[in-house]
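Chain letters run A, B, ... following the sequence lines, proteins first, then strands; residues in each count from 1. None of these values were measured; they are calculated from a predicted model.
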Amino acid sequence: MPKLLLTKRNIDSKKHIPPVEKGQVDYFDTEVKGLMLRVGKESKTFYVQVDVLDLTTGKYKSVREKIGRYGEWTPEEARATAPQLIRRLRDGKPKEDPPPTLKAIYERYLVDKRLSKGTVTLYKGYIPRLFESWLDLPLNLLEKALTPEVVIDRFQHIRENNGPGAANNSFKCLQAIINYAEILYPQFITRNPTKVLSRTDMWAKIEGRDDCLEPKQFKIFSDALLKCTPAHRDCYTFALYHGIRPAEAYSLKWEDVDLENDFATFRHETERSKRTYTVPLSRQSKAILSRRKAAATEGQVHVFPKQGPRNKHEHLILRADHLKGKTGLSLTPHGLRRSFITTGERLRLRREDINWLTGHTDNTVTGKHYAKLTPDDLRPVLQAICNEIERLMLEGVGAKVITLPTAAQNQ
DNA sequence: ACTATGTGGATCGGGTCTAA
DNA sequence: TTAGACCCGATCCACATAGT
């Protein structure tokens, strides 16, 4: 059997490898033991071949495995891949499955990770639509196909055509999927091509919103809510009195409200990015819930029931355009949460307390201590904020009374 | 480095007001 | 009495932010 240093130059040379008319000729590499090029009439293909001791017979036998065709694989790549293949053959391990496609990983990711419904929708909304042409790539070719230039090009294309948020989101989803592929198939992919966006600092910078009720706007807000349905009005106000996230407000169920002991629990499906938490009720928020209870029909599950006739959900929905339309303010439902937090800060209340009440997780050392607190411990703090919000809604900014937390505790 | 939810535009379709 | 305007709460989708 011929031996030959398997380099591009040698492989292409007719002198070293004469054309084959019939059958095949194997050329073993002079450098890597076990690496060989099988030359046929039509193609040249890299293989590894080793002798392995068969434990059942006590004899050696030759086993061979295909690396890939010359042309798709360079000699350097074949030489780099050969040692691990040889090692596996010597260990008697079975041949691995062919590399899955990006699409297969994407589908597996959605199943394996047990994401929330919303996140699955997010992935499904971006990946097939914006990366369709990449989905059929097998994992082992991903690094090769998705060069920095290709990645950056697509990123910029999406940013121009779909917006900066869509560009960030879609590529972060893709990045997560490929990271998962790296974990599952380190033999096929070792570097995430999307990382180039971090390394070149290309992610689109998106400013956070900051809409928030000014002190003088509380009254405008409150008065404008009279134009809403009572349920909407109560839901907006409840959200403001607790500083909770909009969905926590409108999806609240009666089973998570304790009107005897004055608690409410805001639940989260997966708890991976938001935790379920229980807060005390204030005098004001309890009044809202009691009013809702009185208005509730038999068997009504949600505190704030749907208002229109053709709703998918049994609860109503808070919408920014709705809120803006009614109040004339540039205010989103999430802005009510910022308004609550800001009110607490104006009262010079502790940031940790406010975090606790609004379901922010606090990983600081001080924050850990707060894990031991019960909703009752935070009741006076919530009451102080609610009193100030109520005062602003009723009286406006005039005759501002500074309510100190200590004074508030007596209420 | 993610995961989850919020926002906004277009649009739907039932309710209600209005005018003939 | 009824057609049509139009109002309004919601939906759906695509994109933007919030939060761990």
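For A:Ser13, the side-chain hydrogen bond (donor to acceptor under 3.5 Å, both in side chains) partners two or more places apart in sequence, or in a different chain, are A:His16. For A:His315, the ring-ring contact (aromatic ring centres under 6.0 Å, His included) partners two or more places apart in sequence, or in a different chain, are A:Tyr250, A:His302, A:His313.
If you take NZ of A:Lys326 and C1' of C:dC7, they are 9 Å apart, rounded to a whole angstrom. For the pair A:Tyr126 OH and B:dA4 C1', the interatomic distance rounds to 12 Å; values are reported in whole Å. In this structure, CH2 of A:Trp356 is placed 15 Å from P of C:dT20, rounded to the nearest angstrom. When rounded to the nearest whole Å, the span between CG of A:Asp210 and P of C:dG19 equals 13 Å. A straight line from CD1 of A:Ile317 to P of C:dC8 spans 19 Å, rounded to a whole angstrom.
Against DNA chain B, the stretch residues 193-206 of chain A makes heavy-atom approaches under 4.0 Å through A:Lys195, A:Ser198. Near DNA chain C, defined here as any heavy-atom distance below 4.0 Å, there are no residues from residues 221-229 of chain A. Less than 4.0 Å separates DNA chain C from at least one heavy atom of each of the following residues of residues 152-165 of chain A: A:Asn162, A:Gly163, A:Pro164, A:Gly165.
When the side-chain nitrogen and oxygen atoms of A:Lys113 are compared with OP1 and OP2 of B:dT3, one or more of them lie within a distance under 4.0 Å. Residue A:Tyr123 has no polar side-chain atom (N or O) positioned under 4.0 Å from OP1 or OP2 of B:dA4.
Atom NZ of residue A:Lys219 and atom CG of residue A:Asp223 lie 4.0 Å apart, to the nearest 0.5 angstrom.
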Annotated protein contacts, base or backbone, on nucleotides 5-12 of chain B with a non-hydrogen cut-off under 4.0 Å, one of B, S, - each: BSSBB--B
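Side-chain contact check for A:Asn387 versus A:Gln284: some heavy-atom pair is nearer than 4.5 Å. Using a 4.5 Å cut-off on side-chain heavy atoms (C-beta onward), A:Ile389 and A:Phe218 make contact. Contact check for A:Leu110 versus A:Lys124: side-chain heavy atoms found under the 4.5 Å cut-off.
As judged by a 4.0 angstrom heavy-atom cut-off over every strand, A:Tyr109 is placed among residues touching the sugar-phosphate backbone only. A:Gly325 comes within 4.0 angstrom of nothing in the nucleic acid, heavy atoms only.
Enclosure of atom NZ in A:Lys117 is not indicated, since only 12 or fewer non-hydrogen atoms of other residues, nucleotides or ligands lie within 6.0 angstrom. The number of heavy atoms from other shown groups lying within 6.0 Å of NZ (A:Lys33) does not exceed 12. A 6.0 Å sphere centred on NZ of A:Lys195 holds more than 12 heavy atoms belonging to other residues, nucleotides or ligands. Other residues, nucleotides and ligands place more than 12 heavy atoms under 6.0 Å from the CD atom of A:Glu160.
Between A:Arg338 and A:Asp210 no salt bridge is recorded (no basic side-chain N to carboxylate O distance below 4.0 Å).
If you find the closest nucleotide of DNA chain C to A:Gly125 and to A:Lys312, the one lying nearer the 5' end belongs to A:Lys312. Between A:Leu316 and A:Leu130, the residue anchored nearer the 5' end of DNA chain C, judged by the nucleotide with its closest heavy atom, is A:Leu316.
A distance of 6.0 Å or more separates the ring centres of A:Tyr236 and A:Phe304.
Each of A:Phe171, A:Tyr126, A:Tyr106 was checked for a ring pair (Phe, Tyr, Trp, His ring centres under 6.0 Å) with A:Phe131, and the lone residue meeting it is A:Phe171.
For the residue pair A:Tyr180 and A:Asp112, a side-chain donor N or O sits within less than 3.5 Å of a side-chain acceptor on the partner.
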